[in-house]
Amino acid sequence: QVDVGAMARLFGYVDVTDGAFAAAVLCIAFNPLFWNVVARWEHKTRALSRALGSPRTACYCLGTVILLLNCVRSHCFTEAMKSQPRLEGLDCRWTYLLGLAILAIGTVFVISSFLALGFVGTFLGDYFGILMEAKVTSFPFSVLDNPMYWGSTAVYLGWALM
């Protein structure tokens with residue numbers, strides 16, 4: 001049996017009719033869909049590589065677009081957090097500090113993943129035929145299988161708590 005009351009209480013704290021909330025949800029869903037579709041299309045057709053003159057240039061262009069989309073997503077997420085109701089029980093110094101700690105840990109995972117993979121490794125270089133010489137097994141990949149995703153999730157969780 002599903003406790004419908006728990007969901008009803010949860011939706012009492014989330015204003016799904018808020019435009020900022022809708023924009024954040026759309027950005028969160030759109031971004032990975034976009035870059036996966038474009039990367040798979042490039043892998044099958046090599047159209048971006050041909051149009052831009054080289055796989056490396058095409059990968060850097062897609063990476064730049066992904067970074068810009070992530071800026072838009074972060075802005076929309078921030079605006080949604082500002083406009084949503086706050087849980088009174090979580091509106092205290094300890095929750096803020098916990099959120100800050102989670103955000104810091106997430107940032108360490110995201111930045112260390114980027115440094116371990118480099119720009120091309122981070123932004124789907126393998127779909128452009130640019131392969132790394134060996135599998136990355138150093139930190140943070142020695143701790144988590146998907147440190148970039150876990151780190152990004154931790155950043156947004158920490159941000160939401162703050």
Side-chain angles (χ1 to χ4, degrees), residues 13-87 90-91 95-132 136 138-141 143-162:
Y13 290 105
V14 178
D15 180 7
V16 295
T17 63
D18 177 36
F21 178 81
V25 168
L26 287 173
C27 284
I28 290 166
F30 174 77
N31 286 9
L33 177 67
F34 169 79
W35 73 62
N36 278 292
V37 167
V38 171
R40 289 171 190 261
W41 174 69
E42 168 62 18
H43 184 69
K44 286 184 179 183
T45 67
R46 299 290 184 223
L48 287 175
S49 295
R50 282 195 311 277
L52 296 171
S54 77
R56 193 164 290 279
T57 302
C59 183
Y60 274 96
C61 286
L62 179 60
T64 301
V65 170
I66 291 169
L67 284 171
L68 292 172
L69 287 172
N70 287 344
C71 288
V72 171
R73 177 184 64 190
S74 294
H75 172 74
C76 290
F77 181 83
T78 301
E79 293 304 310
M81 288 294 99
K82 287 189 219 173
S83 66
Q84 289 294 307
R86 296 179 68 96
L87 287 169
L90 294 179
D91 198 11
T95 303
Y96 180 85
L97 292 174
L98 176 63
L100 190 61
I102 292 171
L103 183 132
I105 291 167
T107 301
V108 166
F109 280 118
V110 169
I111 291 173
S112 60
S113 296
F114 180 82
L115 293 174
L117 294 172
F119 191 92
V120 172
T122 299
F123 294 108
L124 307 165
D126 52 336
Y127 285 88
F128 292 85
I130 308 167
L131 303 176
M132 300 185 81
V136 177
S138 61
F139 181 83
F141 294 91
V143 177
L144 293 170
D145 282 337
N146 298 295
M148 184 73 74
Y149 293 125
W150 284 110
S152 182
T153 301
V155 165
Y156 283 103
L157 174 61
W159 204 344
L161 288 172
M162 291 170 59

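Sequence positions, counted from 1, serve as the residue numbers for this chain.
- When the side chain to side chain donor-acceptor pair (under 3.5 Å) test is applied to Lys82, the partners found at least two apart in sequence or on another chain are Glu79.
- Met132 is listed as a side-chain neighbour of Leu117, based on a closest heavy-atom distance under 4.5 Å.
- Between Leu98 and Ile102 the shortest side-chain heavy-atom distance falls below 4.5 Å.
- In this structure the side chain of Phe123 never reaches within 4.5 angstrom of the side chain of Thr64, judged on heavy atoms.
- Counting all heavy atoms, side chain and backbone alike, Thr122 lies closest to Ser113 at OG1-O, 4.4 Å.
- Summarising the geometry of Ala39 relative to Leu124, their closest heavy-atom pair is CB-CD1, 3.7 Å, with the distance given to 0.1 Å.
- Closest heavy-atom contact between Arg56 and Val120: NH1-CG2, 3.4 Å.
- Counting only distance, with no hydrogens or angles, the side chain of Arg46 and the backbone of Trp41 share no donor-acceptor pair below 3.5 Å.
- Taking both residues in full, the closest heavy atoms of Met162 and Leu103 are given as SD-CD1, 4.3 Å, listed atom of the first, atom of the second, then distance.
- Asn36 contributes a side-chain N or O that, together with a main-chain N or O of Pro32, makes up a donor-acceptor pair within less than 3.5 Å.
- Taking both residues in full, the closest heavy atoms of Gln84 and Asp15 are given as OE1-N, 2.7 Å, listed atom of the first, atom of the second, then distance.
- Counting only heavy atoms from C-beta outward, the side chains of Cys59 and Ile130 approach each other to under 4.5 Å.
- Identified under the side-chain hydrogen bond (donor to acceptor under 3.5 Å, both in side chains) test for residues 19-31, with sequence neighbours left out: Asn31-Asn70.
- For the pair Ser112/Phe139, a side-chain contact is recorded, criterion being any heavy-atom separation below 4.5 Å from C-beta on.
- The shortest side-chain heavy-atom distance between Glu42 and Phe128 falls under the 4.5 Å cut-off.
- Between Phe119 and Tyr60, the ring planes lie parallel to each other; the angle is under 30°, not in the 30° to 60° tilted range.
- Nearest approach of Phe141 to Ala116, heavy atoms of both residues: CE1-CB, 4.0 Å.
- Among pairs with a residue in residues 151-162, those fulfilling side-chain hydrogen bond (donor to acceptor under 3.5 Å, both in side chains) read Arg73-Tyr156, Ser74-Tyr156, at least two apart in sequence or across chains.
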